[in-house]
There are 2 protein chains.
Amino acid sequence: MNSQPAAHDVFLDVFDNAPQRNLAAGEVLINAGAPADNVFNILSGMLMVSRTGGDGRRQVLSFLVRDNFVGLTSTDAYFFTVEAVMATRVACRSRRALTDRLASDPESERTFLDMMFRVLEDAFDLVYSLGQRTSIERLAVFILYMRHWKRLSGDIGDDLDPVLNEVQLPMNRVDIADFLGLKKETVSRSFRQLEDRGLVHRADHHHVQILDLMTLRQLAGISDFASPRHIKSV
Amino acid sequence: MNSQPAAHDVFLDVFDNAPQRNLAAGEVLINAGAPADNVFNILSGMLMVSRTGGDGRRQVLSFLVRDNFVGLTSTDAYFFTVEAVMATRVACRSRRALTDRLASDPESERTFLDMMFRVLEDAFDLVYSLGQRTSIERLAVFILYMRHWKRLSGDIGDDLDPVLNEVQLPMNRVDIADFLGLKKETVSRSFRQLEDRGLVHRADHHHVQILDLMTLRQLAGISDFASPRHIKSV
DNA sequence: CGGACCATTGAAGCCTATCAAGACTTGTGG
DNA sequence: CCACAAGTCTTGATAGGCTTCAATGGTCCG
């Protein structure tokens, strides 16, 4: 099974020859509330999309990697914050440039719509996790989620390729916790449980090795993520 | 402030003269896993979209009312179940009929895309609730959510119109619990807390009266829902 | 009027959060 | 290269919130 033809070509080429920007780890790309004038495409690195309540509680909505897309909203202001998890390079275009492109090219608009559906399905996956799964199950899903991305970004066809068992987690524990609706201490303890059960091994804070994929998937309650997804947006 | 021009006209007219179907309370419209051949538009009543895990845990993804839209996915099979919460009437069209319509009419496609963004933002609202809010806060948000819909469906301009304080909850406690990521007993107890604090009054199982809107909103952490939303889809 | 279903309430237990301390990693400067 | 300092992660003890289990009460419908 090989990866689907890159939807890349169909509308992401608005970003060809676009101005680029380099972000350092922790640097903010989009502030919630700012006018939604620009859209971005990730060339390398990782971005984190989050929403923070008036009292400071923060929910991470998604982590985005290469070829993913950020910035569109239905309103004129961003309702989320986007910051770099690690050193990241993005391409920048005005919102108008993208909407004009979509308006003038029906095929690209359809592709874009397809992408939106996959993003929505991802959001519902997260809803299911937060509403129904326990802390250790959420972490298992998260690790498999990261593994899945590695597979896509590396264009690795074989689902069981051993290199996929070396998973990188560039974000810190608080970021993971805020994504999974937990506290950092609970994330640590859940990692420990996964280790004690022999499912994973923590090489260091940012590298996890999957030791028992089958059981991990069983715990997560998923065989694998639905379909290859190269592109994502918020 | 009056309601925005009904997006209705722009693409929902695919459902004009479409065959209709009446659903009794509890009747299933879409089974998860079935081929995604049809799309539906709600004419009256209320539908509930949910996803159930292999072990039986169920997460309600959304409740849908009049003029909302159900059935599109990025894959060829529905990944959710849709059933009627109360007696409901829907209009039915083939998936093709809708996609053809969108393909042939750029304006309708753009409107559709806008709707998708609002749906996605709603999904992120739910993510925030499930990840960060306590049980009583989630219930407060939910009640305000239902109030908001009443306002939209009744085309009530004044945000403080007293009739809006009589909120109907057609679904049962388990449905609410599965939507909010709680158990039915916790929903009951949270209702009680809201009553004890003098924020709401339970007339019966399906009717709630808001007594202190300002404090309820403060508890929910929202002034109001972002923008008028007539249409929604899954 | 009786039965079934749904909702509420109570008591006890479990999971996650909170508070607090210690270990490790990373980066800096001597 | 080592020592130190800052930040992050982990671990432990305790507390709190939600769930589970169980029983009562209420409502709708036959």
Side-chain angles (χ1 to χ4, degrees), chain A residues 24-26 48 53 55-60 85-87 129-143 168-197 200-208 219, chain B residues 24-26 48 53 55-60 83 85-87 129-143 167-197 200-208 219:
Chain A
M48 175 175 66
D55 54 2
R57 281 179 285 187
R58 185 185 72 157
Q59 175 66 43
V60 172
V85 164
M86 57 193 289
S129 271
L130 296 177
Q132 300 301 323
R133 292 198 242 251
T134 65
S135 62
I136 191 172
E137 289 169 345
R138 291 183 209 180
L139 187 58
V141 171
F142 180 69
I143 292 170
Q168 293 186 30
L169 308 175
M171 69 294 291
N172 65 34
R173 294 293 189 260
V174 175
D175 294 338
I176 297 175
D178 286 349
F179 181 62
L180 300 180
L182 303 169
K183 297 298 168 187
K184 63 179 188 302
E185 295 92 336
T186 305
V187 173
S188 271
R189 283 187 249 268
S190 299
F191 264 121
R192 181 141 239 325
Q193 279 190 67
L194 289 177
E195 273 192 324
D196 288 348
R197 296 197 198 178
V200 306
H201 169 72
R202 283 178 284 186
D204 65 56
H205 296 161
H206 296 294
H207 292 83
V208 170
L219 179 61
Chain B
M48 174 174 66
D55 55 1
R57 282 179 284 185
R58 185 184 70 158
Q59 175 65 44
V60 173
E83 58 201 297
V85 164
M86 56 193 289
S129 271
L130 296 177
Q132 302 300 325
R133 292 200 243 250
T134 65
S135 61
I136 191 172
E137 289 169 345
R138 292 182 207 180
L139 187 57
V141 171
F142 180 70
I143 293 170
V167 178
Q168 293 187 31
L169 308 175
M171 69 294 291
N172 65 33
R173 293 295 188 259
V174 174
D175 294 337
I176 297 176
D178 286 348
F179 182 62
L180 300 180
L182 303 170
K183 296 297 168 188
K184 61 180 190 301
E185 296 92 337
T186 306
V187 173
S188 272
R189 283 186 250 269
S190 298
F191 265 121
R192 181 138 239 328
Q193 278 191 67
L194 289 177
E195 273 191 324
D196 288 348
R197 295 197 198 178
V200 307
H201 170 71
R202 282 178 285 186
D204 65 57
H205 295 163
H206 297 294
H207 291 83
V208 169
L219 179 62

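Residue numbers start from 1 in every chain, and the chains themselves are labelled A, B, ... in the order their sequence lines are given, proteins ahead of strands. Just so it is clear, the structure is predicted and the values come from calculations on it, not from any experiment.
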*Asks:* Using a 4.5 Å cut-off on heavy atoms from C-beta on, say whether the side chain of A:Gln59 contacts that of A:Leu130.
*Replies:* yes

*Asks:* For the residue pair B:Arg197 and B:Leu219, establish whether any side-chain heavy-atom pair is separated by less than 4.5 Å.
*Replies:* yes

*Asks:* Rounded to whole Å, please give me the gap between NZ in B:Lys184 and P in D:dT19.
*Replies:* 11 Å

*Asks:* Looking only at heavy atoms, which two atoms of B:Gly181 and A:Gln132 are closest? And how far apart?
*Replies:* CA-NE2, 4.3 Å

*Asks:* Are any non-hydrogen side-chain atoms of B:Arg133 and B:Val141 less than 4.5 angstrom apart?
*Replies:* yes

*Asks:* Which part of the nucleic acid, if any, lies within contact of B:Arg138, taking any heavy atom under 4.0 Å across all strands shown: a base, the sugar-phosphate backbone alone, or nothing?
*Replies:* nothing

*Asks:* If you only use heavy atoms from C-beta on, which nucleotide in C:dT16, D:dC9, C:dT9 is closest to the side chain of A:Thr186?
*Replies:* C:dT16

*Asks:* Rounded to whole angstroms, how far apart are CD on A:Glu137 and P on C:dC15?
*Replies:* 11 Å

*Asks:* For B:Asp204 and D:dG26, what is the distance between atoms CG and P respectively, to the nearest whole Å?
*Replies:* 15 Å

*Asks:* Which is it for A:Arg58 and A:Asp175 under the salt bridge (Lys or Arg N to Asp or Glu O under 4.0 Å) test, yes or no, and what are the steps along the way?
*Replies:* CA-CA 9 Å; A:Arg58 185 185 72 157; A:Asp175 294 338; 2.8 Å; yes

*Asks:* Of the nucleotides C:dA20, D:dC9, C:dT8, which one has an atom closest to the side chain of A:Asn172?
*Replies:* D:dC9

*Asks:* Assuming nearest nucleotide by heavy-atom distance, tell me which of A:Gln193 and B:Val187 is located more 5' along DNA chain C.
*Replies:* B:Val187

*Asks:* Expressed as a whole number of angstroms, how long is the span from A:Arg189:CZ to C:dC15:C1'?
*Replies:* 11 Å

*Asks:* Under 4.0 angstrom, heavy atoms only, what part of the nucleic acid is B:Ser135 near: base, sugar-phosphate, or nothing?
*Replies:* sugar-phosphate

*Asks:* Ignoring hydrogens and geometry beyond distance, is the side chain of A:Arg133 in donor-acceptor contact with the base of C:dT16 at under 3.5 Å?
*Replies:* no

*Asks:* Send over the distance from A:Leu182 CG to D:dT10 P, rounded to a whole Å.
*Replies:* 14 Å

*Asks:* Using atom CG of B:Asp178 as one end and atom P of D:dT19 as the other, report the distance to the nearest whole Å.
*Replies:* 11 Å

*Asks:* With a 4.0 Å limit, can you tell me whether A:Ser188 has a side-chain N or O closer than that to the phosphate oxygens OP1/OP2 of D:dC9?
*Replies:* no

*Asks:* Please tell me which of A:Ala203 and A:Ile136 maps to the more 5' nucleotide of DNA chain C, matching each residue to the nucleotide holding its nearest heavy atom.
*Replies:* A:Ile136

*Asks:* Figure out the CZ/C1' separation between A:Arg192 and C:dC24, and round it to whole Å.
*Replies:* 14 Å

*Asks:* For A:Lys183 and D:dC18, give me the distance from atom NZ to atom P, rounded to whole Å.
*Replies:* 13 Å

